[in-house]
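A quick note: this is a predicted structure, and the numbers were derived from the prediction, not measured.
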Amino acid sequence: MVYVLLGTGFEEVEAIAPVDLLRRAGIDVLTVGITGKKVCGGHNITVEADITLDEMDLTNLDMIVLPGGLGGVASARASQGALDALRFAWENNKFVAAICAGPTVLADLHITDGKRVTCYPGCEKDMGSADVAADLPCLRDGNLITGTSAGCAVPFGLMLIEALKGADAANAIARQIVIR
């Protein structure tokens, strides 16, 4: 199961595009409202999350994803449950993914320490001891996957698929959506 955390002010493209791509690949994905079922994104698009944070079952977790958006990142930082879920995933060798400003939350948790990552331009200073490659759209270092921005949400989503189902599955979805 893949859980995508949605906090008030999340970046809509960074959440919805990867969810769509993962579901196209046949991967079980649930969106998780950090503060409730209805979550308003950073551009005033309200979505209804599949479940709330307290409904997550971490025993069946394969991957957890944190979209960016300054409000969404602040929501995650303010939620002990969200922080605990991210930490649990990392400590149990599950995939942990974040995009845009989301990787800064992972840096706060020391998940990115010594790892090669990318993040939103300007957030590099908040990445602690990570090795930041700001010029890449997305990057995988072991079980850690990071993306740069909303404009990189599709390559990020494809990288999530590749991590879970392999390059052939990711390439099939890329062909299906006619990415160029």
Side-chain angles (χ1 to χ4, degrees), residues 1-7 10-34 39 41 47 49-51 53 56-58 60-69 72-73 76 82 85-107 109 111-112 115-120 123 127 130 132-180:
M1 176 64 63
V2 176
Y3 291 116
V4 179
L5 301 177
L6 304 179
F10 72 95
E11 173 56 60
E12 294 93 340
V13 171
E14 295 167 1
I16 302 304
V19 167
D20 176 87
L21 296 173
L22 289 161
R23 288 183 177 170
R24 286 173 188 253
I27 296 169
D28 291 329
V29 181
L30 291 175
T31 55
V32 181
I34 292 176
V39 187
V47 299
D50 298 311
I51 62 173
L53 194 60
M56 270 196 327
D57 178 6
L58 297 179
N60 71 355
L61 171 73
D62 297 307
M63 177 185 282
I64 191 165
V65 181
L66 180 62
V73 167
L86 290 162
R87 188 178 293 112
F88 175 89
W90 187 250
E91 290 173 354
N92 287 278
N93 299 312
K94 306 301 180 183
F95 287 104
V96 176
I99 186 169
C100 195
T104 64
V105 175
L106 305 184
L109 297 171
I111 291 171
T112 61
K115 296 289 188 180
R116 191 153 162 76
V117 301
T118 190
C119 61
Y120 189 80
C123 289
M127 291 305 301
V132 181
D135 58 334
L136 297 176
C138 51
L139 187 59
R140 178 177 173 190
D141 186 343
N143 282 1
L144 178 64
I145 302 167
T146 52
T148 300
S149 63
C152 302
V154 169
F156 177 73
L158 293 171
M159 187 170 278
L160 301 180
I161 294 168
E162 184 174 343
L164 292 167
K165 290 189 83 172
D168 288 346
N171 290 334
I173 298 302
R175 283 190 305 276
Q176 182 186 93
I177 65 170
V178 193
I179 191 168
R180 301 198 193 279

Checklist line | salt bridge (charged side-chain N to carboxylate O under 4.0 Å, His left out) involving D50 - partner list, sequence neighbours excluded | finding: R23
Note to self: If the condition is side-chain hydrogen bond (donor to acceptor under 3.5 Å, both in side chains), which residues does Y120 pass it with, not counting sequence neighbours?
What the structure shows: none
Checklist line | Contacts of type side-chain contact (heavy atoms from CB on, under 4.5 Å), residue C119, not counting sequence neighbours | finding: P103, C123, E124, M127, V132
Going by atom type alone, with no hydrogens or angles, which donor-acceptor pairs under 3.5 Å involve a side-chain atom of residues 136-145 and a protein atom two or more places apart or on another chain?
from : atom 1 : to   : atom 2 : distance (Å)
R140 : NE     : G142 : O      : 2.8
D141 : OD2    : R116 : N      : 2.8
N143 : ND2    : N93  : O      : 2.8

Next item on the list: Under the side-chain contact (heavy atoms from CB on, under 4.5 Å) rule, collect the residues that match up with N171, sequence neighbours excluded.
Entry: A167, R175
Check: Does D168 have any side-chain contact (heavy atoms from CB on, under 4.5 Å) partners at least two apart in sequence or in another chain, and if so, which?
Finding: none
Check: What side-chain hydrogen bond (donor to acceptor under 3.5 Å, both in side chains) pairs are there with at least one residue in residues 145-159, not counting sequence neighbours?
Finding: T118-T148
Next item on the list: Return the set of residues passing side-chain contact (heavy atoms from CB on, under 4.5 Å) with A169 (not counting sequence neighbours), or none when no residue passes.
Entry: I161, K165
Next item on the list: Could you name each residue pair satisfying salt bridge (Lys or Arg N to Asp or Glu O under 4.0 Å) that touches residues 87-107, not counting sequence neighbours?
Entry: D84-R87
Next item on the list: With sequence neighbours left out, write down each residue that passes salt bridge (charged side-chain N to carboxylate O under 4.0 Å, His left out) with D28, or none if nothing qualifies.
Entry: none
Note to self: My understanding is that only residues two or more places apart in sequence, or in another chain, count here; which of them pass side-chain hydrogen bond (donor to acceptor under 3.5 Å, both in side chains) with E162?
What the structure shows: none
Checklist line | Set of side-chain hydrogen bond (donor to acceptor under 3.5 Å, both in side chains) partners for T112, sequence neighbours left out | finding: none
